[in-house]
Amino acid sequence: MARNLGLDGGVDVADRIRVEAAQLFHHRGYGMTAIRDIAEAAGISSSTMYHHYRNKQDVLFAISRQFMTDFNNALLPILSDSTRPHQERLDAAIKLHLTISNERRTELLTIRGNRGALSLDQLRTIVRLQTAYQRAVREVVAVIQGSGPVDAELITMALMDLINGVCQWFAPSGSLTIDEIAERYLRMARSLVSGGVPPRRATRMATPG
């Protein structure tokens, strides 16, 4: 029987529901997970579960929205930091992107694997959050690369493809740590953004005031 944390159990029940649901969705599958399974894993009753979320789809949306909100809150300030050169901003963002993707891998893979289960309005919300991040990366890339909007868009999409794939295959038991992988990926990303040549002198030296 589930240990009922109730509504005033001194814990963030909604957060615990999201954490446990992400584990179940990832390992068991979204379609094979019932509301009662999530409630049991979170140590609450089904009635308490329904107090926080109307249905399983709402739980998935909450997982997706919380992840992307946290992700953007961490990454966007770095990309818009006018006290740092643009290359330094991009390097720091890539490192943190890989770190968060690794630390919250279960949530991320749950989101990627179940986008089709979201309603159209829910999906639009997630896409808006993702677009905000990609736009910030594209603006930094455009300055570093000195390219027009079309080239910057293509380079940004290629960059996203490069770094988004790591969480699919990285294993902590492997020969490289996530930090070592990040360093190698930084070199690849710099080459991709620069087009294989050093950035323009003005871009290297520019530090927005």
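Here, residue 1 is the first one in the sequence, and each next residue gets the next number. Just so you know, these numbers use all the heavy atoms, side chains as well, and skip hydrogens, waters and symmetry mates.
- Counting heavy atoms from C-beta outward, Phe67 and Ile100 have side chains that approach closer than 4.5 Å.
- Using a 4.0 Å cut-off between a side-chain N of Lys or Arg and a carboxylate O of Asp or Glu, Glu107 and Arg18 do not qualify as a salt bridge.
- Between Tyr185 and Trp169, the ring planes lie tilted relative to each other; the angle falls in the 30° to 60° range.
- Considering only heavy atoms from C-beta on, Val59 comes within 4.5 Å of Met49 through its side chain.
- Side chain of Gln134 to main chain of Thr131: no donor-acceptor pair is present (N/O by atom type, distance under 3.5 Å, no hydrogens or angles).
- Going from atom CZ of Arg105 over to atom CD1 of Ile178 covers 10.5 Å, rounded to the nearest 0.5 Å.
- The minimum heavy-atom distance between Ala182 and Lys95, with the atom names listed, is CB-CG, 4.5 Å.
- Put simply, the side chain of Ser194 does not reach to within 4.5 Å of the side chain of Gln145, judged on heavy atoms.
- For Lys56 (side chain) and Tyr30 (main-chain N/O), a donor-acceptor pair under 3.5 Å exists by modelled atom type.
- Arg128 and Thr125 are linked by a side-chain donor-acceptor pair at a separation below 3.5 angstrom, with hydrogens and angles left out of the test.
- When all heavy atoms are compared, the tightest approach of Ala132 to Asn72 is CB-ND2, 4.1 Å.
- With hydrogens and angles ignored, the 3.5 Å screen pairs no side-chain donor or acceptor of Asn102 with any backbone N or O of Leu98.
- The minimum heavy-atom distance linking Tyr53 with Ala14 is given by the pair OH-O, 3.4 Å.
- To the nearest 0.5 Å, atom CG of residue Leu76 and atom CZ of residue Arg135 are 9.5 Å apart.
- With rounding to the nearest 0.5 Å, the separation of CD1 in Ile163 from NE2 in His97 is 4.0 Å.
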- For side chain to side chain contact (heavy atoms under 4.5 Å, CB included), just list the numbers for His86 and Val141, CA-CA rounded to whole Å, side-chain angles, deciding distance to a tenth of an Å, and then say yes or no. CA-CA 8 Å; His86 287 80; Val141 166; over 6 Å; no
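- Note that the CD1 atom of Ile78 and the CG atom of Leu96 stand 4.5 Å from one another [nearest 0.5 Å].
- Within the 4.5 Å cutoff, no side-chain heavy atoms of Thr156 are placed close to those of Val193.
- Pairing each heavy atom of Ser101 with each of Cys167, the nearest pair is O-CB, 4.0 Å.
- Following chains of ILVMFWY side-chain contacts shorter than 4.5 Å, one cannot reach Val19 starting from Ile63, and the two form parts of different hydrophobic clusters.
- Counting heavy atoms from C-beta on, the side chains of Tyr50 and Ile35 come closer than 4.5 Å.
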Should Leu123 and Phe61 be marked as a side chain to side chain contact (heavy atoms under 4.5 Å, CB included) after you check the CA-CA gap, both sets of side-chain angles, and the distance that decides it? CA-CA 8 Å; Leu123 184 57; Phe61 175 57; over 6 Å; no
Would you tabulate the side-chain donor-acceptor contacts of residues 170-177 under 3.5 Å, counting partners in other chains and residues two or more places apart, or write 'none'?
residue	atom	partner	partner atom	Å
Thr177	OG1	Asp179	N	3.4
Thr177	OG1	Glu180	N	3.1

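- Judged by distance alone, with hydrogens and angles left aside, the side-chain atoms of Arg89 form no donor-acceptor pair with the main-chain N or O of Val140 at under 3.5 Å.
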Between Thr48 and His52, does the side chain to side chain contact (heavy atoms under 4.5 Å, CB included) criterion hold? Intermediate values first, please. CA-CA 7 Å; Thr48 300; His52 292 279; 4.2 Å; yes
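- Summarising the geometry, atom CG belonging to Asp37 is positioned 12.0 Å from atom CD belonging to Glu20; distances are rounded to the nearest 0.5 Å.
- Taken to the nearest 0.5 Å, the CG atom of Leu75 stands 4.5 Å off from the OH atom of Tyr133.
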Worksheet item: Can you check side chain to side chain contact (heavy atoms under 4.5 Å, CB included) on Ile155 and Arg138, steps first, answer last?
Response: CA-CA 8 Å; Ile155 293 168; Arg138 183 175 67 245; over 6 Å; no
Donor-acceptor contacts under 3.5 Å from residues 109-116 side chains, at least two apart:
residue	atom	partner	partner atom	Å
Thr110	OG1	Ala22	O	3.1
Thr110	OG1	Thr106	O	2.7
Arg112	NH1	Asn164	O	2.8
Arg112	NH2	Asn164	O	2.9
Asn114	ND2	Thr110	O	2.8
Arg115	NH1	Gln130	OE1	3.2

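- The minimum heavy-atom distance linking Arg84 with Asp81 is given by the pair CD-OD2, 2.9 Å.
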